[in-house]
A.B. asks: 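My questions will all concern the structure given below.
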Amino acid sequence: MPHVTRIKVRGYHLDLYGHVNNARYLEFLEEGRWSWVEERGDLAGFMKGGYGFSVVNININYRRPAFLGDELEILTSLKGLGNRSGVVRQVVRLAGTDTVVAEADVTFVVVSAQTGRAVPLDGEVRALLAGLEADRSGDSAES
């Protein structure tokens with residue numbers, strides 16, 4: 001079951017055409033990922049272990065515009081984990097409907113705060129990801 005984050009479209013989200021600016025969706029997706037990790041992941045364990053998440057690729061498709069006052073739901077789930085990276089699947093839809101506004105696959109790595117380098121997704125790190133793995137929505141990510 002994907003995690004759901006709700007966002008109401010405000011005036012400052014809009015561009016001069018009166019719909020949500022494409023760059024704002026990246027912020028909506030990030031809010032969805034933070035909320036997901038806070039609720040279902042072990043954020044405290046990551047911080048204590050000196051780890052952080054780093055986005056390395058976002059592939060986003062825009063399906064329809066969103067407008068002032070629209071209520072959006074950002075559905076977030078783990079698509080897959082490889083040896084060195086993972087993919088998060090996110091869908092933005094009009095709240096209470098199946099109408100997709102945008103969808104994205106977000107590839108991430110886990111980075112050591114000590115070295116600034118990506119670490120393998122095994123052992124302690126894999127254990128810290130266990131709560132997010134319960135939300136798996138698809139096939140394994142590529143390594």
Side-chain angles (χ1 to χ4, degrees), residues 1-121 125-143:
M1 184 84 175
H3 176 271
V4 179
T5 303
R6 293 178 79 99
I7 293 177
K8 184 171 184 171
V9 175
R10 307 286 184 190
Y12 62 89
H13 295 136
L14 307 179
D15 59 19
L16 64 116
Y17 301 111
H19 54 68
V20 175
N21 181 279
N22 66 300
R24 288 292 184 164
Y25 287 100
L26 299 176
E27 294 173 2
F28 293 170
L29 295 173
E30 185 170 15
E31 178 64 28
R33 289 190 307 276
W34 271 102
S35 179
W36 175 58
V37 170
E38 286 173 343
E39 287 186 26
R40 298 193 181 163
D42 188 356
L43 187 58
F46 269 92
M47 295 179 74
K48 183 178 177 186
Y51 301 113
F53 292 96
S54 184
V55 170
V56 295
N57 180 272
I58 297 179
N59 183 7
I60 186 168
N61 293 303
Y62 302 99
R63 301 294 180 202
R64 72 172 299 280
F67 299 97
L68 182 66
D70 282 349
E71 293 273 347
L72 303 177
E73 295 174 334
I74 295 82
L75 288 77
T76 304
S77 58
L78 185 66
K79 185 173 182 179
L81 284 178
N83 295 323
R84 300 198 58 85
S85 66
V87 177
V88 175
R89 177 71 174 158
Q90 293 187 278
V91 176
V92 180
R93 68 182 184 197
L94 292 177
T97 75
D98 291 330
T99 303
V100 175
V101 174
E103 54 194 342
D105 285 333
V106 181
T107 304
F108 70 92
V109 296
V110 175
V111 177
S112 164
Q114 217 172 18
T115 67
R117 300 180 64 97
V119 299
L121 302 182
V125 173
R126 194 66 165 230
L128 290 168
L129 292 167
L132 303 178
E133 280 195 281
D135 286 340
R136 186 164 287 192
S137 67
D139 299 329
S140 296
E142 292 187 22
S143 322

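Sequence positions, counted from 1, serve as the residue numbers for this chain.
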A.B. asks: Counting N and O atoms only, with roles assigned by atom type, does the side chain of R126 sit under 3.5 Å from a partner on the main chain of L121, one being a donor and the other an acceptor?
C.D. replies: yes

A.B. asks: More than 12 non-hydrogen atoms from neighbouring residues, nucleotides or ligands closer than 6.0 Å to CG on D98, yes or no?
C.D. replies: no

A.B. asks: If I compare all heavy atoms of W36 with all of S77, which pair ends up nearest, and what's the gap?
C.D. replies: CZ2-C, 4.0 Å

A.B. asks: Please round to the nearest 0.5 Å and tell me the distance separating atom CZ of F108 and atom OG of S85.
C.D. replies: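 The distance works out to 7.5 Å.
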
A.B. asks: Please answer whether the main-chain N or O of A95 pairs with a side-chain N or O of E71 as donor and acceptor at a distance below 3.5 Å.
C.D. replies: no

A.B. asks: Let me confirm one number: the CG-NZ distance from L68 to K8, rounded to the nearest 0.5 Å.
C.D. replies: 8.0 Å

A.B. asks: Rounded to the nearest 0.5 Å, what's the gap from NE2 on H13 to OH on Y25? Could you check?
C.D. replies: 10.0 Å

A.B. asks: Verify, without hydrogens or angle tests, whether Y62 (side chain) and N22 (backbone) share a donor-acceptor contact under 3.5 angstrom.
C.D. replies: yes

A.B. asks: So if I apply the side chain to side chain contact (heavy atoms under 4.5 Å, CB included) rule between N57 and each of D105, T107, V109, V87, which one comes out positive?
C.D. replies: T107

A.B. asks: Mind checking side-chain hydrogen bond (donor to acceptor under 3.5 Å, both in side chains) for E30 and listing every partner two or more places apart, or none if nothing turns up?
C.D. replies: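 Listed in chain order: nothing, the list is empty.
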
A.B. asks: Heavy atoms only: give me the nearest G32-I74 pair and the separation to one decimal.
C.D. replies: CA-CG2, 4.1 Å

A.B. asks: Check L43, T5, T76 against W34 for a side chain to side chain contact (heavy atoms under 4.5 Å, CB included) and give me the one that passes.
C.D. replies: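 Option passing the side chain to side chain contact (heavy atoms under 4.5 Å, CB included) with W34: L43.
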
A.B. asks: With the side chain counted from C-beta on, respond yes when L29 and I60 share a heavy-atom pair under 4.5 Å apart, and no when they do not.
C.D. replies: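 They are in contact (side-chain heavy atoms under 4.5 Å apart), so the answer is yes.
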
A.B. asks: Taking atom CZ of F28 and atom CG of L72, what is their separation to the nearest 0.5 Å?
C.D. replies: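 The distance works out to 6.0 Å.
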
A.B. asks: Within this structure, what is the CD-CG distance for the pair Q90 and L75, rounded to the nearest 0.5 Å?
C.D. replies: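 Output value for this atom pair is 9.5 Å.
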
A.B. asks: Flag the pair Y12 / N21 as yes when at least one side-chain heavy-atom distance between them is below 4.5 Å, and no otherwise.
C.D. replies: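 SC-SC contact between Y12 and N21 ruled out.
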
A.B. asks: Between Y51 and V111, is there a side-chain heavy-atom distance shorter than 4.5 Å?
C.D. replies: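 They are not in side-chain contact.
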
A.B. asks: Provide the closest heavy-atom pair for V125 versus F46 in the form atom of the first, atom of the second, distance.
C.D. replies: O-CZ, 4.4 Å

A.B. asks: Please, which pairs that meet salt bridge (charged side-chain N to carboxylate O under 4.0 Å, His left out) have at least one residue in residues 57-66, sequence neighbours excluded?
C.D. replies: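 Checked against salt bridge (charged side-chain N to carboxylate O under 4.0 Å, His left out) - neighbours excluded - the pairs reaching residues 57-66 are R63-E103.
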
A.B. asks: For E39, enumerate each residue passing the side-chain hydrogen bond (donor to acceptor under 3.5 Å, both in side chains) test, keeping only those at least two apart in sequence or located in another chain.
C.D. replies: H3

A.B. asks: If I compare all heavy atoms of R84 with all of P120, which pair ends up nearest, and what's the gap?
C.D. replies: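 Smallest heavy-atom distance, with atoms named: NH1-CG, 3.5 Å.
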
A.B. asks: Would you call the rings of Y17 and H19 parallel, tilted or perpendicular, taking 30° and 60° as the class edges?
C.D. replies: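 The rings of Y17 and H19 lie parallel, inter-plane angle below 30°.
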
A.B. asks: What are the two closest heavy atoms between V20 and R24, and how far apart are they?
C.D. replies: CG1-CB, 3.7 Å

